[in-house]
Amino acid sequence: MSTPRSLRPRHRLRLLVAALGVALGVESNAAELDVRIEPGNRALRENVENYIGDLGDRDAEELLRYSRIAEQQAIKALQALGYYQPTIDSEITEGENPTLVLDIQPGEPVRLRDIAVKVEGPAASFERFEVPRDLLTEGEVLDHGEYEAVKQRLQNQASRYGYFDARFTRQRLLIDPEAGTADVELTFTSGPRYRLGEVTFQGDAPFDDRLLQRMVPFDSGVPYDSELIAELSRNLQASGYFDGVRVDVDPAKASGEVLPVTIHLATREPRTFGLGLGYSSDVGPRMRFEWTRHWVNPQGHSYGIDAELSAPRQNVGAWYEIPLDPPLTDQFRFAGGYQYEEIAGTDTLSRLLRVGPEWHSQLDSGWDRVISLKWQREEYRLGDDSGLSTLLLPGVAFSYLESDNAIDPNEGYHIRFELAAAKEGLLSDADLIHSNLMLRGLTTLWDDHRFLGRLQLGANITDEYTQVPPSLRYFAGGGQSVRGYEYQHLSPTNSDGDRIGGRYQVVVSAEYQYSINDRWRIATFIDQGNAFNSLSEPDPHTGVGIGLRWVSPVGPLRLDLAHALDGDGGFQFHFSMGPEL
């Protein structure tokens with residue numbers, strides 16, 4: 001009986017030497033590949049290297065035997081990129097690292113001549129089903145990868161849009177290496193487009209089927225589109241009711257080209273508890289507590305309690321929410337809360353109780369709208385002035401966010417407008433119109449240069465300003481306002497110098513950031529604004545500064561050193577975090 005090749009003495013000796021080298025920390029001498037192409041062509045060289053791959057620890061003798069296989073691999077690599085008449089010479093160079101050298105003259109390439117790619121069947125008249133004509137161009141060098149990419153793109157579209165019986169009824173690639181030409185003929189017959197049928201839910205979800213059906217973004221009978229299935233899955237995940245969602249749409253189960261949709265659901269734990277610690281230069285250390293009951297009945301109602309504690313402000317609130325139609329964007333919420341806050345100094349404070357309903361909805365235009373009816377009772381002291389304010393404030397708020405990333409956007413803008421009013425005698429102590437406008441914008445140029453802008457406007461329209469409580473008056477200054485000034489430091493004052501808040505507010509900001517790398521940025525900025533009582537005397541204050549940004553998983557952390565140019569001047573550190581928009 002012959003000795004197996006792997007156990008012959010010469011090979012056992014080599015294994016012994018290799019093992020000894022490992023034991024002594026000496027690296028074995030791996031064989032190398034040297035591909036030389038004349039004239040030079042980087043794509044060809046890399047493709048040859050990829051086809052042949054790692055040569056391992058072959059010695060010169062083994063490389064010589066392997067060279068014929070390597071030449072065949074090189075030929076396949078060259079043909080894949082359209083070179084069918086190469087000349088290849090190989091040699092072995094001995095030494096510490098034996099090397100297989102391939103000298104390649106690729107010759108003239110095969111070029112595309114006649115290209116016929118067409119779609120037949122119902123997909124031919126579907127405007128969103130595109131014939132990929134950009135990958136294959138007459139006169140260009142044949143690339144088998146692009147030829148296969150054309151076929152794959154047609155198949156991908158068929159899968160996305162529900163042409164599950166689609167197939168190639170003709171696929172020909174005729175290559176004439178001597179003439180240097182290639183003809184392509186592809187005919188893709190789509191067959192009928194399948195439709196989405198009834199949606200059924202399975203699993204341990206204790207919810208009313210009518211609630212779940214309101215999360216389905218399509219009607220039974222619509223043409224299949226995989227994006228509709230993806231949107232359905234996202235809707236269910238975003239509802240906050242489920243830990244697991246699996247959507248089953250199997251063409252093999254179709255009846256008359258109608259696909260049943262089966263969704264398997266795993267319900268999440270009904271309660272969650274959260275406790276967080278944070279810090280900002282405006283309020284110092286702070287603690288946040290949240291407790292949420294995500295569903296309490298088959299209709300998907302939920303409720304929760306939240307609280308935030310810091311040195312200048314403490315508040316606690318509760319809410320109850322009922323999903324409307326569609327439930328992900330439209331809700332009825334009843335909320336209430338109590339807040340104690342020290343306003344811009346130790347001699348000013350506010351005790352605020354607020355309660356009332358809110359109707360949240362998303363308009364077809366993409367704007368979010370909140371209609372509210374808030375009753376608030378506020379006991380306050382502003383220096384020597386103290387009072388008790390009661391207001392019933394029907395209001396509306398509109399907001400729109402356009403952003404390319406929820407956590408750390410590079411482009412986008414955010415608009416928010418709020419309007420509320422009170423009428424004396426209707427559970428209110430004064431006539432009041434209270435309004436706010438906020439605009440934020442961000443753009444990035446040449447990848448590393450970021451430009452941010454911010455505008456904040458606010459106004460109280462009333463003939464009884466002394467009846468307006470501190471929670472509705474305006475104060476400027478701080479990390480989210482005019483940097484360089486202390487939190488809520490910019491405000492009209494009374495005769496004792498106590499800051500009592502203004503009728504109006506205007507704040508503008510411009511900031512430039514330069515990205516050092518993916519995580520770190522440096523910034524410079526200028527802020528200007530104030531809170532004031534007369535539109536003819538806004539008395540704007542300006543702050544300038546530099547900053548550092550670190551992009552954390554929850555959004556940028558911002559550290560700023562700002563200098564106040566007005567008043568007593570001076571420097572302030574500001575720290576904050578969260579998305580730029």
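The first residue in the sequence is number 1, and the count goes up from there.
In the model, His434 has a side-chain atom that pairs as donor or acceptor with a side-chain atom of Asn436 under 3.5 Å. Between the side chains of Asp527 and Ser509, at least one donor N or O sits under 3.5 Å from an acceptor N or O. Residues Gln513 and Glu511 bring a donor and an acceptor atom of their side chains to less than 3.5 Å of each other. Of the N and O atoms on the side chains of Arg454 and Gln456, at least one donor lies less than 3.5 Å from an acceptor on the other residue. A donor atom on one side chain and an acceptor atom on the other are found under 3.5 Å apart for Asn156 and Gln152. Glu402 and Tyr400 share a donor-acceptor pair across their side chains, judged by distance under 3.5 Å alone. Judged by distance alone, the side chains of Glu378 and Ser350 do bring a donor and an acceptor atom under 3.5 Å apart.
Taking the six-membered ring where the residue is Trp, the centroids of His449 and Tyr514 are separated by under 6.0 Å. Two rings, from Phe188 and Tyr163, have their centers 6.0 Å or more apart. Ring centers of Tyr224 and Tyr194: at least 6.0 Å apart, outside the cut-off.
Of the possible polar contacts, one joining the Asn47 side chain to the Ala77 backbone as a donor-acceptor pair under 3.5 Å is found. No side-chain donor-acceptor contact under 3.5 Å links Thr137 to the backbone of Glu140. Between the Glu120 side chain and the Thr169 main chain, no donor and acceptor come within less than 3.5 Å of each other. Side-chain atoms of Arg519 come within 3.5 Å of backbone atoms of Val551 as a donor-acceptor pair (strictly under, hydrogens ignored). Without hydrogens or angle criteria, Asp330 side chain to Gln362 main chain gives a donor-acceptor distance under 3.5 Å. Within the 3.5 Å criterion, the main-chain N or O of His574 finds no donor-acceptor partner in the side chain of Asp560. Remark: the backbone N or O of Leu581 is paired with a side-chain donor or acceptor of His414 at under 3.5 angstrom. No side-chain donor-acceptor contact under 3.5 Å links Glu146 to the backbone of Leu142.
Pro470 and Tyr380 get closest at one heavy-atom pair: CD-CG, 3.3 Å. Across Arg450 and Ser515, no two heavy atoms sit closer than the pair CD-OG, 3.9 Å. The two residues Thr444 and Asn410 make their nearest non-hydrogen contact at OG1-O, 2.7 Å. Residues Leu392 and Ser428 share a closest heavy-atom pair of N-OG, 2.8 Å. The minimum heavy-atom distance between Lys253 and Pro260, with the atom names listed, is O-CD, 3.6 Å. Annotation for Leu472 and Asn460: closest pair O-ND2, 2.7 Å, computed over non-hydrogen atoms.
Within 6.0 Å of CD on Glu198 lie no more than 12 heavy atoms contributed by other residues, nucleotides or ligands. More than 12 heavy atoms of other residues, nucleotides or ligands lie within 6.0 Å of CG in Asp204, so this atom counts as buried by the packing criterion. Other residues, nucleotides and ligands contribute at most 12 non-hydrogen atoms within 6.0 Å of the CZ atom of Arg167. Summarising the local packing, CZ of Phe451 is surrounded by more than 12 heavy atoms from other residues, nucleotides or ligands at distances under 6.0 Å. Within a 6.0 Å sphere centred on CZ of Arg377, heavy atoms belonging to other residues, nucleotides or ligands number 12 at most. Within 6.0 Å of CD on Glu269 lie no more than 12 heavy atoms contributed by other residues, nucleotides or ligands.
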Distance-only criterion, 3.5 Å: show the donor-acceptor pairs between side-chain atoms of residues 121-132 and protein atoms not counting sequence neighbours.
unit_1, atom_1, unit_2, atom_2, d
Ser125, OG, Pro122, O, 3.1

May I have the list of side-chain donor-acceptor pairs in residues 312-322 shorter than 3.5 Å, sequence neighbours left out?
unit_1, atom_1, unit_2, atom_2, d
Arg313, NH1, Glu341, OE2, 3.3
Arg313, NH1, Tyr487, OH, 3.2
Gln314, NE2, Ser310, O, 2.7
Gln314, NE2, Ala311, O, 3.2
Tyr320, OH, His301, ND1, 2.9
Glu321, OE1, Arg333, NE, 3.0
Glu321, OE1, Arg333, NH2, 3.0

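Of the inter-residue distances, the one linking Tyr340 atom OH with Leu353 atom CG reads 16.0 Å to the nearest 0.5 angstrom. Interatomic distance, Asp408 CG to Ser403 OG, rounded to the nearest 0.5 Å: 9.0 Å. In this structure, the separation between CG on Leu373 and CG on Leu427 is 9.0 Å, given to the nearest 0.5 Å. Rounded to the nearest 0.5 Å, atoms OH (Tyr51) and CD (Glu49) are 14.0 Å apart. Atom OG of Ser159 is separated from atom CG of Leu154 by 11.0 Å, given to the nearest 0.5 angstrom. Interatomic distance, Lys118 NZ to Arg170 CZ, rounded to the nearest 0.5 Å: 9.0 Å.
Note on ring orientation: taking the six-membered ring where Trp is involved, the planes of Trp520 and Trp550 are tilted (angle from 30° to 60°).
Among Thr267, Leu265, Leu236, Leu211, the single residue meeting the side-chain contact (heavy atoms from CB on, under 4.5 Å) criterion with Tyr241 is Leu211.
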TODO: Assess whether salt bridge (charged side-chain N to carboxylate O under 4.0 Å, His left out) is satisfied between Arg214 and Asp208, documenting all intermediate values.
DONE: CA-CA 10 Å; Arg214 295 205 304 268; Asp208 191 317; over 6 Å; no
TODO: For the pair Arg234 and Glu231, evaluate salt bridge (charged side-chain N to carboxylate O under 4.0 Å, His left out) and give the outcome as yes or no after the intermediate values.
DONE: CA-CA 5 Å; Arg234 290 194 298 267; Glu231 184 180 354; 5.1 Å; no
- [ ] Check step by step if side-chain contact (heavy atoms from CB on, under 4.5 Å) holds for Trp375 and Leu391.
- [x] CA-CA 6 Å; Trp375 177 84; Leu391 295 172; over 6 Å; no
- [ ] Determine, step by step, whether His360 and Thr329 satisfy the side chain to side chain donor-acceptor pair (under 3.5 Å) criterion, reporting the C-alpha distance in whole Å, the side-chain angles of both residues, the deciding distance to 0.1 Å, and the verdict.
- [x] CA-CA 7 Å; His360 295 251; Thr329 58; over 6 Å; no
Open item on the list: Before you tell me yes or no, could you show the steps for Asp248 and Val261 under side-chain contact (heavy atoms from CB on, under 4.5 Å), namely the whole-Å CA-CA distance, both residues' side-chain angles and the distance that decides it to 0.1 Å?
Closed with: CA-CA 6 Å; Asp248 182 11; Val261 181; over 6 Å; no
TODO: Give the C-alpha distance, both sets of side-chain angles, the deciding distance and a yes or no for side-chain contact (heavy atoms from CB on, under 4.5 Å) between Leu452 and Arg440.
DONE: CA-CA 7 Å; Leu452 296 87; Arg440 294 179 185 267; over 6 Å; no
TODO: Take Glu358 and Phe332 through the test side-chain contact (heavy atoms from CB on, under 4.5 Å) and record every step on the way to the result.
DONE: CA-CA 6 Å; Glu358 301 171 351; Phe332 172 82; over 6 Å; no
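Not a single ring-ring contact (aromatic ring centres under 6.0 Å, His included) links Phe575 to another residue, sequence neighbours left out.
A cation-pi arrangement is absent between Arg293 and Trp291, since the terminal nitrogen or guanidinium carbon is not both under 6.0 Å from the aromatic centre and inside a 45° cone about the axis. Cation-pi geometry between Arg483 and Phe525 is met: the NZ or CZ atom falls under 6.0 Å from the ring centre, inside 45° of the normal.
We find that Lys423 and Asp429 are not joined by a salt bridge, their nearest charged nitrogen and carboxylate oxygen being 4.0 Å or further apart.
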